[in-house]
Amino acid sequence: MEIPASYYLLLSGILFTIGVIGVLTRRNAIIIFMSIELMLNAVNLSFVTFSRQIGSLDGQIFVFFVMVVAAAEVAVGLALIVAIFRVKESVYVDEINLMKW
Amino acid sequence: MISFLFFLFSVVAIASAIMMVVHRNAVYSALFLILTLFALAGHFVLLNAPFIAAVHIIVYAGAIMVLFLFVVMLLDLKADERKSGSQGFAKIFGGIVTGILILELGIMIKKGSESLPAASANMQVGSTNAVGHLMFTQYLFPFEVASVLLLSAIIGSVILAKRKLK
């Protein structure tokens, strides 16, 4: 039996929604980061699905570049979290409110 | 067989994604995310992209999640003991997003859809050879730009994490 493309897109949508709920609900900055990674992975699944559907490999190349950008973002973001933790001793985003007016 | 694998990987991915978002301990959340990444790599193999599946496991589960776990254990966070729950605004927005997803699920189940070609049709399509050929001929410039991006990320994270020199 062949899996319809819409099943894969639905799975991608569900994972993306779970990532969005994670970003909005959690207060720990590291968990928020991990939810962002989950959203990026859901989009990767969409790209590979469409690449399969239209029969070209461009979607898979783009997934490769999305992974590169995600790796760079994680490196810089975690360095930021470590730097903030050194000053504030906390990673909860509702306590990091120095710039709030 | 393929549909059984699809549903197995889907259930594992969704269940571990929900557990990642819900769990209070950051280490367990990272481990659940690794499980989600493995399930997604299985999906990539079913979608005729073995190279992307292998790179996914190596880069995400092997490097990015290890970095996450390093940071979680360096910061030595206790489990979140505070009152769980967010502000009203975030809950309402989360509820709206979930409602939109359920609506989309209903529409998709109702409508028919194009099916993908069979997974075992041609495993050569997404092989390393084919992806590499495309990468180094047509997408050579973005490839080099990506390496410069990684270099700038390395420099940036080293500068950010350095202690100030007195």
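All chains are named by letter (A, B, ...) in the order of the sequence lines, taking the proteins before the strands, and each is independently numbered beginning at 1.
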Shared hydrophobic cluster for [X] and [Y] (ILVMFWY, side-chain gaps under 4.5 Å):
X: B:Val131; Y: B:Ile58; result: no
X: A:Val43; Y: B:Tyr60; result: yes
X: B:Met73; Y: B:Leu31; result: yes
X: B:Leu150; Y: B:Val66; result: no
X: B:Phe7; Y: A:Ile14; result: yes

Which value, rounded to the nearest 0.5 Å, describes the distance between [X] atom [atom1] and [Y] atom [atom2]?
X: B:Leu69; Y: A:Ile30; atom1: CG; atom2: CD1; value: 9.5 Å
X: B:Asn48; Y: A:Thr49; atom1: CG; atom2: OG1; value: 12.0 Å
X: A:Phe33; Y: B:Leu67; atom1: CZ; atom2: CG; value: 9.5 Å
X: B:Leu46; Y: A:Tyr8; atom1: CG; atom2: OH; value: 4.5 Å
X: B:Phe68; Y: A:Leu78; atom1: CZ; atom2: CG; value: 5.0 Å

Please classify the contact between [X] and chain A as side chain, backbone, both or neither, with a heavy-atom cut-off of under 4.5 Å.
X: B:Val22; value: backbone
X: B:Ala30; value: both
X: B:Met1; value: neither
X: B:Leu37; value: side chain
X: B:Leu101; value: side chain
X: B:Ile18; value: both
X: B:His23; value: backbone

For this session: List the steps and the verdict of side chain to side chain contact (heavy atoms under 4.5 Å, CB included) for B:His56 and A:Val63.
Result: CA-CA 9 Å; B:His56 197 80; A:Val63 165; 5.7 Å; no
For chain B, which of [options] has the most heavy-atom pairs under 4.5 Å?
options: A:Asn41, A:Ile31, A:Ile21; result: A:Asn41
options: A:Leu38, A:Leu45, A:Ile81; result: A:Leu45
options: A:Val23, A:Asn44, A:Val82; result: A:Asn44
options: A:Val74, A:Leu57, A:Val20, A:Val68; result: A:Leu57
options: A:Gln60, A:Glu89, A:Glu73; result: A:Gln60
options: A:Leu15, A:Asp58, A:Ile61, A:Val48; result: A:Ile61

For this session: Before giving the answer on side chain to side chain contact (heavy atoms under 4.5 Å, CB included), spell out for A:Val69 and B:Leu149 the whole-Å C-alpha distance, their side-chain angles and the decisive distance to 0.1 Å.
Result: CA-CA 8 Å; A:Val69 170; B:Leu149 173 74; 3.8 Å; yes
Problem set entry | Interface residue of largest heavy-atom contact number with chain A, from B:Ile154, B:Thr98, B:Val55, B:Ile14, under 4.5 Å | B:Ile14
Exercise. Looking at B:Ile100, B:Val71, B:Val145, which has the largest count of heavy-atom pairs under 4.5 Å with chain A?
Worked result: B:Val71
For this session: Kindly indicate whether the side chain of B:Ile52, heavy atoms from C-beta on, has any atom under 4.5 Å from the side chain of A:Met67.
Result: yes
Problem set entry | Other residues, nucleotides, ligands: >12 heavy atoms within 6.0 Å of B:Phe38 CZ | no
Exercise. Is the number of heavy atoms from other residues, nucleotides or ligands within 6.0 Å of CZ (A:Phe62) greater than 12?
Worked result: no
Exercise. Relative to each other, are the rings of A:Phe64 and B:Phe143 parallel, tilted or perpendicular (30° and 60° limits)?
Worked result: parallel
So which atom in [X] and which in [Y] form the shortest heavy-atom distance, rounded to 0.1 Å?
X: A:Arg86; Y: B:Lys162; value: NH1-O, 3.8 Å
X: B:Val21; Y: A:Gly22; value: CG1-CA, 3.7 Å
X: A:Ser35; Y: B:Met20; value: OG-CE, 3.6 Å
X: A:Phe65; Y: B:Pro142; value: CE2-O, 3.5 Å

Exercise. Where does A:Leu11 contact chain B at under 4.5 Å (heavy atoms): side chain, backbone, both or neither?
Worked result: side chain
Seminar exercise, completed: Under 4.5 Å to a heavy atom of chain B? For A:Ile18 that would be both
Exercise. Taking A:Met34 as the fixed residue, which of B:Thr36, B:Ile64, B:Leu33 is the one that meets the side-chain contact (heavy atoms from CB on, under 4.5 Å) rule?
Worked result: B:Leu33
